[in-house]
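All remarks here apply to the structure that follows.
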Protein chains: 2
Amino acid sequence: MVQIPNPPPHSSPAPRPVPTSADVARLAGVSRATVSYVLNNTSAVRISEPTRRRVHEAAKELGYVPHAAARSLRAGHSRMVLMPAPDFPVGPLYSQFISELQWALGRLDYTVVQYGSIGVYGDEAARAWAELRPVAVLVPGAGLGPQGVSVLKRSGARAVVTLGPECVDGAHSLLMDHEAVGHCAGSHLFDRGRRRIGVVVPGEAGLESFSQPRLEGVRRALHGTDATVTELPLAYEEEAASRLAARWRELDLDAVFAYNDEYAMLVMRALQDEGVRIPEDTAVIGADDLMLGRLLRPRLSTVHIELPSGRDLAELVDRAVRNPGAAPETHKVLGASVVHRDSS
Amino acid sequence: MVQIPNPPPHSSPAPRPVPTSADVARLAGVSRATVSYVLNNTSAVRISEPTRRRVHEAAKELGYVPHAAARSLRAGHSRMVLMPAPDFPVGPLYSQFISELQWALGRLDYTVVQYGSIGVYGDEAARAWAELRPVAVLVPGAGLGPQGVSVLKRSGARAVVTLGPECVDGAHSLLMDHEAVGHCAGSHLFDRGRRRIGVVVPGEAGLESFSQPRLEGVRRALHGTDATVTELPLAYEEEAASRLAARWRELDLDAVFAYNDEYAMLVMRALQDEGVRIPEDTAVIGADDLMLGRLLRPRLSTVHIELPSGRDLAELVDRAVRNPGAAPETHKVLGASVVHRDSS
DNA sequence: TTGAAAGCGGTACCAT
DNA sequence: ATGGTACCGCTTTCAA
């Protein structure tokens, strides 16, 4: 970081205390109650227009901002929907999903907050979330057990929704069945006549919860056939891909499901550099249906993944919040379908 | 979404009230004060071992979780660092930056919260953030003016840090000078003998604050030379790229800076399909130094971007929080350097 | 139409 | 070593 010379400090260290509604009341010459009525447009109470004006002016003059904690403490509830911030590099799919969800929940007057719990896991994390008394908690991935759900509910969360590989007792569950992704890919390769199938498993941490089910899905698709499945650990580096490609002949595979499109590109490039013809010698298929796959030559076959729409999920949350007694819903929300292009 | 049959509701609608420290005290047969002392390990007070045990047991039995709002209300401050959640698809660079930052702030005992303000802008957003009384606010991008900074400070934020194109009055500013990125690219292309330079400007919303400065940077690099700069609006779609490529001859450009590596790949593919030779006919350079650029043929030249380290930024925040009176620091934090490969 | 006051859940001072 | 209690900022009866 390059320091840039700054003007000398012009604000003296006089950190005035933060203005409260009492300050506003004092300045406006009214009671705190009146301030509250005015600023919240309380319909049950009529306040005269002159008073309203004085209150508003006082508030503006002081730069008054209400204290959310005090408010929700008094109210006994908030409209905060909490989700843990993702701790792995997140693709455009998930990015967009989050955005959409935030927008949809915002429309329903919820506030979405992503809580950065890094290095904190499982029930410990659940406790930390519970301290904020969110009205709902949305947890992607595994990592939240029935214990955690229970902690959250006992601390007032009216809805706990998990988005993961399996349903969690007591919580609404959106099943994102990544096995289906692998199953799709496996079946496709099999149908195309491939029998010696490699499956790339990323070396990077945090991806296991996606990669393992995808691998399992391939295994399941090929179970009971004469096809073989070979696990191919691979770090996301050119070097690693080259090494893998170098022993390709000896691996004797005629197809590879590369975990996702990015790994597929990595593998495809390494194989091509090694003189392996795609798809003649080896078929390649990725997943996520990224733009980049369309741009590769040969065009990359892929498994298109459909995440739940943010709107649907927002509605599920809202329903759950309004009716916390209802039985947890379980939905399969991950649509997987092959997009066949030229690499397979 | 596919509905899966559920077991009948087994929890009756008896949502017990959330246990408070008073409940714990009652169950343990002690006062609320004692509960507080025990659960916080208050060192100024000795509590006998048997009492401690009873309190801990009672807390566990009730599933007691302290109420963060009440605590910070009483304490008069929290350790929450708030940042707005990004509302645009975020690349691996930024993803990693956030992760690192959360980790580093976590080590300093701060809690990072990404606040989902979608559809709320400028000072309105600042007010919403201020309601949470964060101890520090970190704002990427433009969109926060001196007004907003003032609102935040007056509501108790001890540090406001902006990460954007220009410094904001009253806030610590980390200057992410995307002009430098464009300047790098422009100079590089000029040095390689190119004179008719196109600059891709993404059509997607939310990217203007990056793309415009990058364009300006190219302009600045080429100002006063005989080189020309042509703005090339482009949506991130194959179609749009094809249309652009179709009129390439008539555009008569010998180089293009493609905003970033992803757009570069899009453009490169379209140009190659059109029979334009790279780099002979047209040089291409991207930005962000993604893995994918290394995998393209020809290998993609790019502008490597160095974001500030999460640790450094966390330390800046901590320093600012501990010493709120200090003059705002301003740092240039965006390192840009050309990685010359084969496409330019 | 407005004000006084109770209380939300903790913490910390001052007694005991 | 422990308990009583005031107080943080705000909302909401209830009374005037």
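Chain naming here is simple, since letters A, B, ... match the order of the sequence lines and numbering starts at 1 in each.
- When heavy atoms are screened at a 4.0 angstrom cut-off, A/Val30 is found touching the sugar-phosphate backbone but no base atom.
- Rounded to whole angstrom, the span from the CG atom of B/Leu39 across to the P atom of D/dT2 amounts to 14 Å.
- Atom CZ of A/Arg26 is separated from atom P of C/dT2 by 19 Å (rounded to the nearest Å).
- With distances taken from any side-chain atom of B/Ser36 to the nucleotides C/dG10, C/dT11, D/dG9, the minimum falls on C/dT11.
- Comparing C/dT11, D/dT11, D/dC10 by their nearest atom to the side chain of A/Arg74 picks out D/dT11.
- Residues A/Ser155 and A/Trp129 bring no donor and acceptor atom of their side chains to less than 3.5 Å of each other.
- Residue B/Leu73 is the one, among B/Thr34 and B/Leu73, whose nearest nucleotide of DNA chain C lies closer to the 5' end (criterion: closest heavy atom).
- Between C/dC8, C/dG10, D/dT2, one nucleotide has an atom nearer to the side chain of B/Thr51 than all others, and that is D/dT2.
- At least one side-chain heavy atom of B/His56 sits under 4.5 Å from a side-chain heavy atom of B/Val38.
- The existence of a salt bridge linking A/Asp123 and A/Arg127 is excluded, since no basic side-chain nitrogen approaches an acidic carboxylate oxygen closer than 4.0 Å.
- Atom CG in A/Asp23 sits roughly 8 Å away from atom P in D/dG9 (whole-Å rounding).
- Atom CG in B/Asn41 sits roughly 13 Å away from atom P in C/dA12 (whole-Å rounding).
- A residue-by-residue look at B/Gly29 and A/Ala33 shows that B/Gly29 has its nearest nucleotide of DNA chain D further toward the 5' end.
- The distance from atom CD of A/Glu131 to atom P of C/dG9 is 15 Å, rounded to the nearest whole Å.
- Nucleotide C/dG10 holds its C1' atom 15 Å from the CG atom of A/Leu132, rounded to whole Å.
- Contact of the B/Leu144 side chain with the B/Val149 side chain is registered, since non-hydrogen atoms from C-beta on lie closer than 4.5 Å.
- Backbone-only engagement by B/Arg71 is indicated by non-hydrogen atom pairs under 4.0 Å involving sugar-phosphate atoms exclusively.
- Note on A/Ser48: a side-chain N or O is less than 4.0 Å away from OP1 or OP2 of C/dT2.
- Rounded to an integer number of Å, the gap from A/His77 NE2 to C/dG9 C1' is 16 Å.
- For B/Ser21 and C/dG10, the shortest distance from a side-chain N or O to OP1 or OP2 is below 4.0 Å.
- B/Val55 comes within contact range of no nucleotide atom at all, as no heavy-atom separation falls under 4.0 Å.
- One finds no side-chain N or O of B/Tyr37 lying less than 4.0 angstrom from the OP1 or OP2 phosphate oxygen of C/dC13.
- In this structure the side chain of A/Asp23 never reaches within 4.5 angstrom of the side chain of A/Leu27, judged on heavy atoms.
- Here B/Ser31 reaches the OP1 or OP2 of D/dG3: one of its side-chain N or O atoms lies under 4.0 Å away.
- Minimum atom distance to the side chain of B/Arg32 is reached by D/dA6, of the listed C/dC14, D/dC10, D/dA6.
- Rounding to whole angstrom units, CZ of residue A/Arg46 and P of C/dT2 are separated by 12 Å.
- Residues A/Ser78 and A/Val135 come closest through the heavy atom pair O-CB, 3.4 Å.
- A/Arg133 has a side-chain polar atom (N or O) that falls below the 4.0 Å cut-off from OP1 or OP2 of C/dG10.
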